[in-house]
Amino acid sequence: MADLKFSFAETFLCSAFAACFAEFCTIPLDTAKVRLQLQKKAVGDEVNLPKYRGLLGTMATIAKEERLSALWKGIVAGLHRQCIYGGLRIGLYEPVKTLLVGADYVGDIPLYQKIIAALLTGALAITVANPTDLVKVRLQAEGKFPAGIARRYYGTLDAYYTIVREEGLAALWTGLGPNIARNAIVNAAELASYDQVKQTILKIPGFSDNVLTHLLAGLGAGFFAVCIGSPIDVVGTHKALLKEDCGYLYHINQFDKTYVGWMDLLVMFQVKSRMMGDSGYKNTLDCFIRTLRNEGFLAFYKGFVPNFTRLGSWNVVMFLTLEQVRSAV
């Protein structure tokens, strides 16, 4: 992160802009990732050909069947989320880090202090931004609807309104527990690793605080975020698909054989995807243990490549943009 001193308002605005720009550039990858997570599995001896094949193949299929604009489905909610979540988690990182070590601290801040600061800001930011996260996932989960099937949500604002009307205001914070765990840890992996990797690179002769350094540090942040966050991500997207949505997806399934059934959707939506929609799990720990026992350790890293493609590119774009914006202010 830049060493220049900025007010919280300036840092918040720069961070929100950088996060929103990165979201706009990479949300097609995120939409494809969500659809792949919803992909059916083979049942018994019957092998069903998957509708989506790979990240790029999924993007091509969505663009062909639902128009190119479908790749940006959920972008409004995504921008809402990044404006709030991105602005707060990054904007508060430097002040909290300074608070932990003291304003008079001189020298390199220890890594553990950076991790603690990022954990705190990530948890606080997602607590405020959880409704936007919920709406974004639900909108992205909706594919092309067959004739005779009414769309559940007709836009971002309608999604907020429908959720509150049908499920209550508290439903906007569905899955908050695993979401806090996931986002706090991923935020620590991203911000602390970017901070540390950049600091390490700058000590190497020949490197300076330029675009190449920001690019390498951004890739490092994305890699650590996926490695550390994937198990938690697998323990959390299901609550976004509530029990009411399960029946709705079952109704859709009668017309769209892409999915074996709504229970299959719940199985495939990994422990963020699982906790955000399957009330069969008692809590996050129960979801983690059952997933490990039933599907093995590698289940927590299902979709690692598309996840890294998404998070790696997102972090590179976000940190490059943030550094350039801050240097221009």
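Predicted model only: the values in this text are computed from it and were never measured.
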Could you check whether any side-chain N or O of T26 sits under 3.5 Å from a backbone N or O of R310, counting only pairs where one atom can act as donor and the other as acceptor? no

Counting only heavy atoms not in F224, do more than 12 sit closer than 6.0 Å to its CZ atom? no

Look at the side-chain heavy atoms of Ile, Leu, Val, Met, Phe, Trp and Tyr, link any pair under 4.5 Å apart, and say whether L134 and L176 land in one connected group. yes

Are W173 and Y85 connected, step by step, through hydrophobic side chains (Ile, Leu, Val, Met, Phe, Trp, Tyr) whose heavy atoms are closer than 4.5 Å? yes

For N315 and G218, which heavy atoms make the closest approach, and how far apart are they? CB-O, 3.4 Å

I'd like to know if the side chain of S327 and the backbone of Q324 have a donor-acceptor N/O pair within less than 3.5 Å. yes

Please report the closest heavy-atom contact between A221 and S193, naming both atoms and the distance. CA-OG, 3.2 Å

Pair L216, V197 - check side chain to side chain contact (heavy atoms under 4.5 Å, CB included), show working. CA-CA 8 Å; L216 294 175; V197 170; 5.6 Å; no

Compare every heavy atom of G91 with every heavy atom of S15, then report the nearest pair and how far apart it is. OG-N, 3.8 Å

Least distance between heavy atoms, G155 atom then L139 atom: O-CD2, 4.3 Å

Would you call the rings of Y301 and F297 parallel, tilted or perpendicular, where under 30° means parallel and over 60° means perpendicular? tilted

Once you measure the plane-to-plane angle for Y194 and F319, does it fall in the parallel (<30°), tilted (30-60°) or perpendicular (>60°) bin? parallel

Would you indicate whether the side-chain heavy atoms of K97 and L100 approach each other to under 4.5 Å? no

Where R138 and I163 come nearest, the two heavy atoms and their spacing: NH1-CG1, 3.6 Å

W72 side-chain N/O to F24 backbone N/O, donor-acceptor pair under 3.5 Å: yes

CG of D195 to CD1 of I115: how many Å apart, nearest 0.5 Å? 11.0 Å

Is there a path of hydrophobic side-chain contacts, each under 4.5 Å between heavy atoms of I, L, V, M, F, W or Y residues, that connects L13 with F17? no

Do Y93 and Y112 land in one hydrophobic cluster if side-chain heavy atoms of ILVMFWY residues count as linked below 4.5 Å? no

Over 12 foreign heavy atoms within 6.0 Å of CZ, F8: yes

Could you list the donor-acceptor pairs under 3.5 angstrom formed by side chains in residues 117-129, with sequence neighbours left out?
residue : atom : partner : partner atom : Å
T121    : OG1  : R89     : O            : 3.2
T121    : OG1  : A117    : O            : 3.2
T121    : OG1  : A118    : O            : 3.2
T121    : OG1  : N187    : ND2          : 3.0
T127    : OG1  : A123    : O            : 2.7

Between L56 and M59, is a side chain to side chain contact (heavy atoms under 4.5 Å, CB included) present by the stated rule, with each step listed? CA-CA 5 Å; L56 295 180; M59 292 171 63; 4.3 Å; yes

Evaluate whether atom CG of L215 has more than 12 neighbouring non-hydrogen atoms of other residues, nucleotides or ligands under 6.0 angstrom away. yes

Please check if the number of heavy atoms outside R165 that lie under 6.0 Å from its CZ is greater than 12. yes

Just do the salt bridge (Lys or Arg N to Asp or Glu O under 4.0 Å) check on K203 and D108 with the steps written out, would you? CA-CA 12 Å; K203 293 180 179 178; D108 294 336; 3.0 Å; yes

Before giving the answer on side chain to side chain contact (heavy atoms under 4.5 Å, CB included), spell out for H80 and Y160 the whole-Å C-alpha distance, their side-chain angles and the decisive distance to 0.1 Å. CA-CA 12 Å; H80 288 172; Y160 286 116; 3.5 Å; yes

Between E10 (side chain only) and S7 (backbone N and O only), is there a donor and an acceptor less than 3.5 Å apart? yes

Do the side chains of L55 and I62 join up, straight or via other hydrophobic residues, at under 4.5 Å, putting them in one cluster? yes

Does T213 offer a backbone N or O that forms a donor-acceptor pair with the side chain of N210 under 3.5 Å? yes

